[in-house]
Amino acid sequence: MATTARQHAHATRTLAPVTAEPGELADVASLLQALDDLLRSRTRGPVRGEFVGMRGRRSPVPGSVVQVLERVTQAMARGDAVAVVSVGRELTTQQAADLLNVSRQYLVRLVDAGRIPSTRTGRHRRLRLADVLAFQASRDKARKASLRALARATEAARGYVAEVE
């Protein structure tokens, strides 16, 4: 199903991740190759690109934007979903919940428990993106450590035996 401009605008406002449609994967791979070529030319001077709009209007693309495009395109070429946000941004509880892939109610419980700092604007909570990303990194690190410990405990108890055929 093709994504409409309205769906893209809504995804941008809500920080919902965007994935490449199956029919777009060849175009994503082609764009990734072009961006790789452009970034490899860095040895010959500053990276510069150019965007040509639908009406032929040309706009320069700074090297920093080319780097971001390359990272986004790499992720999409792998089939990953991508959400791009500015780092200094404040988020609503729904935006933060979407970013963490949890329910808004669960996120509010995390905020109320002091696990993620927030401020209030009237009746509404606001969370700094940096704080949400720090919580996400901490959560992911704790999950990985728990999985490693569980795997070691299972191996030590000989609860897992790899079968060889």
Side-chain angles (χ1 to χ4, degrees), residues 1-108 110-111 115-118 125-148 150-151:
M1 177 172 104
T3 311
T4 67
R6 178 174 285 200
Q7 288 169 321
H8 278 295
H10 177 71
T12 302
R13 282 193 307 276
T14 61
L15 298 179
V18 176
T19 57
E21 298 288 334
E24 298 172 330
L25 291 175
D27 291 338
V28 170
S30 177
L31 177 59
L32 180 58
Q33 184 61 51
L35 291 167
D36 285 342
D37 292 346
L38 186 60
L39 287 170
R40 261 189 263 129
S41 71
R42 182 183 328 202
T43 58
R44 291 174 283 194
V47 176
R48 288 192 196 107
E50 187 173 68
F51 175 79
V52 180
M54 296 295 289
R55 297 184 182 149
R57 181 175 178 215
R58 296 177 179 279
S59 298
V61 179
S64 56
V65 174
V66 172
Q67 290 174 348
V68 171
L69 286 173
E70 183 191 37
R71 290 178 189 158
V72 167
T73 308
Q74 285 172 341
M76 292 181 90
R78 288 189 307 265
D80 294 342
V82 176
V84 178
V85 294
S86 60
V87 174
R89 182 171 174 183
E90 282 193 341
L91 306 174
T92 65
T93 52
Q94 186 61 59
Q95 290 171 326
D98 290 345
L99 185 62
L100 294 172
N101 198 28
V102 298
S103 71
R104 192 187 71 76
Q105 292 81 8
Y106 179 70
L107 179 95
V108 168
L110 291 171
V111 169
R115 298 201 43 209
I116 305 174
S118 71
R125 293 177 178 90
R126 294 289 182 256
L127 295 86
R128 287 188 22 211
L129 177 61
D131 294 333
V132 174
L133 293 176
F135 172 81
Q136 184 180 45
S138 169
R139 178 190 68 180
D140 291 349
K141 185 177 179 180
R143 283 180 177 174
K144 287 178 184 175
S146 294
L147 285 172
R148 281 192 299 273
L150 180 60

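Numbers here simply count residues along the sequence, with the first being 1.
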Stepwise side-chain contact (heavy atoms from CB on, under 4.5 Å) check, R139 with V102: CA-CA 12 Å; R139 178 190 68 180; V102 298; 3.9 Å; yes
Worked check of side-chain hydrogen bond (donor to acceptor under 3.5 Å, both in side chains) between Q94 and D98: CA-CA 6 Å; Q94 186 61 59; D98 290 345; 2.9 Å; yes
Step-by-step side-chain contact (heavy atoms from CB on, under 4.5 Å) determination, S103 to Y106: CA-CA 5 Å; S103 71; Y106 179 70; 3.3 Å; yes
Stepwise side-chain contact (heavy atoms from CB on, under 4.5 Å) check, E70 with D36: CA-CA 7 Å; E70 183 191 37; D36 285 342; 2.3 Å; yes
Spacing of [atom1] belonging to [X] relative to [atom2] belonging to [Y], to within rounding of 0.5 Å:
{"X": "R104", "Y": "T93", "atom1": "CZ", "atom2": "OG1", "answer": "4.5 Å"}
{"X": "L133", "Y": "L91", "atom1": "CG", "atom2": "CG", "answer": "8.0 Å"}
{"X": "L25", "Y": "S30", "atom1": "CG", "atom2": "OG", "answer": "12.5 Å"}
{"X": "I116", "Y": "Q136", "atom1": "CD1", "atom2": "CD", "answer": "9.5 Å"}
{"X": "F135", "Y": "L110", "atom1": "CZ", "atom2": "CG", "answer": "4.5 Å"}

Any donor-acceptor N/O pair, S146 side chain to A142 backbone, under 3.5 Å: yes
Flag, side chain of E24 to backbone of E21, donor-acceptor distance under 3.5 Å: yes
Within 6.0 Å of CG in D140, more than 12 heavy atoms from elsewhere: yes
Contact list for residues 49-69, test salt bridge (Lys or Arg N to Asp or Glu O under 4.0 Å), sequence neighbours left out: E50-R58
Q33: partners by side-chain hydrogen bond (donor to acceptor under 3.5 Å, both in side chains), with sequence neighbours left out: D37
Residue pair T92, L127: steps toward the side-chain contact (heavy atoms from CB on, under 4.5 Å) verdict: CA-CA 6 Å; T92 65; L127 295 86; over 6 Å; no
Using atom types as modelled, flag every donor-acceptor pair under 3.5 Å from a side chain in residues 72-83 to any protein atom, sequence neighbours excluded.
unit_1	atom_1	unit_2	atom_2	d
T73	OG1	L69	O	2.6
R78	NE	D80	OD2	3.0
R78	NH2	D80	OD2	3.1

Shortest non-hydrogen contact between E90 and Q95, atoms and distance: O-OE1, 4.2 Å
